[in-house]
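Bear in mind the structure is a predicted one, so any value in this text is a computation, not a measurement. Computed over heavy atoms, backbone and side chain alike; hydrogens, waters and symmetry mates excluded. Count residues from 1 along the sequence.
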Amino acid sequence: MISLGVKIPAADGSSLATDVLLPPESSPRGLIVIRTPYGRGWHLAEGIEWRSRGIAFICQDVRGRHDSAGSWEPYVHEREDGAALAEWLQDQPWTPKCVIASGASYAAGTAWAFAAETNSADRSFRVGGVVSKVPTIGSDRVKRDPSGILLLAEHLAWWGEHGDSSSSREGFIPALMRSDSALLEHLPVQSMIEKVGLTSDSPGWWTPISRAREREPYGSDDLVSAGELSELDVAGLHIGGWDDAMIRETLRHFASVGRGPQSLIVGPWAHDLRPGMVGETSFGRLQVEWMESVFSARPLTVNRVFDRGAGNWSIAPYVTGANCVRLEPDLRTAPFSFTHHVEEGRNDCVVWTFDMEIECVLSGAPSVELKVHSPEGEADWIVELSVVDAAGVTRSIARGAGVSLRSGTLTIDLDPVLHTVHPGDVLSLRIAGSDFPRLARNLGDGDRYRGTHSTALHQSFSGSLTLPILGGTDRG
């Protein structure tokens with residue numbers, strides 16, 4: 001049986017459009033659930049394939065998107081609407097005992113929300129597995145950097161294409177930026193969205209800015225809290241990419257789910273996870289095998305993590321290197337200072353380099369500790385770690401950001417990595433006062449989101465780089 005556009009009621013009566021695909025000749029031996037803001041129709045071919053395997057398949061438009069009624073407020077209603085879907089499934093005579101919640105990006109967040117709502121209640125079925133690809137589990141995680149600063153380019157691009165509408169404006173923002181290269185320079189930031197024809201008082205646009213401006217605790221609006229993740233008893237398949245902005249989230253979820261076998265695939269991919277195959281690893285094939293193992297009640301444990309320095313896949317469990325190596329710059333290259341001034345287009349930087357004499361494997365999140373000073377007060381500190389190989393090819397492998405409100409010590413955690421460094425390679429650490437347009441700029445006037453003018457910021461510092469190393473011994 002195939003039923004398209006089934007109207008499933010939410011708790012407030014809003015109807016949520018859902019496609020239901022059941023195996024044609026037998027009771028389903030499992031069920032896959034996807035809840036997405038990007039259009040359930042994109043998943044019909046996937047559902048037909050699973051249906052032919054004896055697996056039921058459900059895909060639902062989230063509230064306010066495509067054919068679902070209600071107001072589109074990202075991440076606000078996903079727990080209650082996931083619970084409403086679970087209630088509906090509870091009443092269906094064909095619902096199997098084993099369910100897998102699946103999704104990518106926003107839909108990965110709804111998958112975790114569905115798992116949390118389902119496993120916290122007494123039901124005839126349970127979520128036995130979650131497929132989580134490049135997950136965004138809350139507004140903060142995708143609209144703010146861990147430093148708390150607004151991810152400016154991402155916020156404008158995503159809301160400009162998907163905001164204040166039941167459908168999407170695919171390609172609109174890239175096309176607009178080609179015709180207006182100064183779009184992201186508009187001040188104040190809070191009214192930038194008006195330049196693309198949308199309103200600045202929409203909650204979807206304003207809430208992430210407000211949370212950044214008020215310095216709300218990062219991640220406090222997650223759909224599923226860290227505590228709830230630690231209590232979940234589900235098998236997990238976590239898929240991410242080293243070039244994806246959500247790599248920290250992929251690895252955080254992998255480490256946080258408290259019970260059930262957790263599997264991890266991380267490749268040299270960005271958020272779109274393309275290409276799907278590198279070397280002998282196809283995450284699509286592995287994903288299907290893993291899901292079949294969950295439906296068979298014998299979940300596999302998969303470890304496939306790409307080492308970009310070695311150019312191959314590791315099948316060992318991903319862990320943070322227990323040995324920390326602390327590197328300090330050559331003090332003869334001091335002073336370490338620069339000036340950042342938005343109006344002059346000035347973003348000076350300092351570069352530290354470290355010659356590597358032995359082979360080692362960086363595994364985990366490097367960190368930078370800085371003793372900082374900026375007489376103007378609040379200052380941004382942007383760090384980027386790159387590897388320059390013997391042929392002179394530079395590859396950025398991790399970045400991080402921090403904000404200081406006064407002089408003192410600041411520790412900045414960088415993105416996690418798995419990267420073999422070879423003798424003759426050079427580590428390059430770039431330190432600057434801005435990462436525009438990725439991050440909203442510090443204007444020096446105390447309010448980067450409502451300000452319209454900027455002042456020069458003079459920043460000075462000293463510090464060190466700490467690397468997590470697999471094997472070897474601690475040394476400074």
Side-chain angles (χ1 to χ4, degrees), residues 1-22 28 31-44 47 56-96 99-103 105-127 130 136-139 158-159 161-169 198-199 201-208 210 221-225 228:
M1 181 184 72
I2 297 177
S3 301
L4 304 182
V6 176
K7 304 298 185 182
I8 295 179
D12 67 351
S14 298
S15 61
L16 304 178
T18 309
D19 291 341
V20 181
L21 290 81
L22 302 181
L31 167 65
I32 296 169
V33 171
I34 298 176
R35 302 187 62 253
T36 176
Y38 301 120
R40 68 189 193 281
W42 290 105
H43 295 277
L44 280 173
F57 187 91
I58 281 182
C59 191
Q60 183 178 80
D61 290 329
V62 301
R63 176 188 297 246
R65 291 289 285 171
H66 299 276
D67 295 328
S68 286
S71 176
W72 166 227
E73 298 176 78
Y75 301 101
V76 173
H77 302 287
E78 306 309 348
R79 287 292 292 257
E80 62 189 90
D81 290 349
L85 176 58
E87 289 294 329
W88 183 84
L89 286 171
Q90 180 76 19
D91 294 335
Q92 306 310 305
W94 50 261
T95 300
V99 177
I100 291 178
S102 178
S105 194
Y106 190 105
T110 65
W112 288 112
F114 183 76
E117 286 295 325
T118 303
N119 287 12
S120 63
D122 183 18
R123 304 190 189 281
S124 60
F125 68 92
R126 65 182 296 274
V127 171
V130 174
T136 63
I137 203 168
S139 177
W158 194 81
W159 192 246
E161 295 212 351
H162 307 294
D164 282 340
S165 176
S166 61
S167 59
S168 297
R169 299 168 285 270
L198 298 176
T199 60
D201 59 355
S202 171
W205 170 257
W206 174 245
T207 298
S210 176
D221 66 343
D222 284 352
L223 285 172
V224 182
S225 69
E228 288 176 309

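Ser68 meets the side chain to side chain contact (heavy atoms under 4.5 Å, CB included) test with Leu16, Ala17, Asp61; sequence neighbours excluded. For Thr18, the side-chain hydrogen bond (donor to acceptor under 3.5 Å, both in side chains) partners two or more places apart in sequence, or in a different chain, are Gln60. Remark: Tyr106 pairs with Trp72, Tyr75 by the ring pair (Phe, Tyr, Trp, His ring centres under 6.0 Å) rule, at least two apart or across chains. The salt bridge (charged side-chain N to carboxylate O under 4.0 Å, His left out) check on Asp201 picks up nothing, with sequence neighbours excluded. Residues passing the side chain to side chain contact (heavy atoms under 4.5 Å, CB included) test with His77, sequence neighbours excluded: Arg63, Glu73, Glu80, Asp81. Not counting sequence neighbours, the partners of Asp19 by the salt bridge (charged side-chain N to carboxylate O under 4.0 Å, His left out) test are Arg40. Applying the side chain to side chain contact (heavy atoms under 4.5 Å, CB included) criterion to Ser168, with sequence neighbours excluded, gives Arg65, His162, Glu170. Residues satisfying the side chain to side chain contact (heavy atoms under 4.5 Å, CB included) criterion with Trp206, sequence neighbours excluded, are Gln190, Ile209, Ser210. With sequence neighbours excluded, no residue forms a side-chain hydrogen bond (donor to acceptor under 3.5 Å, both in side chains) with Thr95. Evaluation of the ring pair (Phe, Tyr, Trp, His ring centres under 6.0 Å) rule for His66 yields no partner, not counting sequence neighbours. Legend: residues meeting salt bridge (charged side-chain N to carboxylate O under 4.0 Å, His left out) with Glu161, ordered by chain and number and at least two apart, are absent.
One N or O on the side chain of Arg169 and one on the backbone of Gly163 form a donor-acceptor pair closer than 3.5 Å. Of the possible polar contacts, one joining the Gln92 side chain to the Trp88 backbone as a donor-acceptor pair under 3.5 Å is found.
To the nearest 0.5 Å, atom CG of residue Asp164 and atom OG of residue Ser71 are 8.5 Å apart. Expressed to the nearest 0.5 Å, how far CG of Leu22 lies from OG of Ser3 amounts to 7.0 Å.
Trp94 places a side-chain heavy atom less than 4.5 Å from the side chain of Val20. By the 4.5 Å heavy-atom criterion applied to side chains, Leu31 and Leu89 are counted as neighbours. Proximity of Glu78 to Phe114: side-chain heavy atoms (C-beta onward) are nowhere separated by under 4.5 Å.
Closest approach of Pro74 and Gly204 over heavy atoms only: CD-CA, 4.3 Å. Minimum interatomic distance between Ser202 and Trp159 (heavy atoms only, all atoms of both residues): OG-CZ2, 3.2 Å. For the pair Thr36 and Cys59, the tightest heavy-atom approach, listed with the atom from each and the gap, is CG2-SG, 3.9 Å. The two residues His43 and Ile34 have their closest heavy-atom pair at ND1-CD1, 3.7 Å. Residues Ile32 and Ser102 share a closest heavy-atom pair of CG2-CB, 4.2 Å.
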Using the rule given for side chain to side chain contact (heavy atoms under 4.5 Å, CB included), can you reason through Thr118 versus Leu85, listing the C-alpha separation, both sets of side-chain angles and the distance that settles it, and then say yes or no? CA-CA 9 Å; Thr118 303; Leu85 176 58; over 6 Å; no
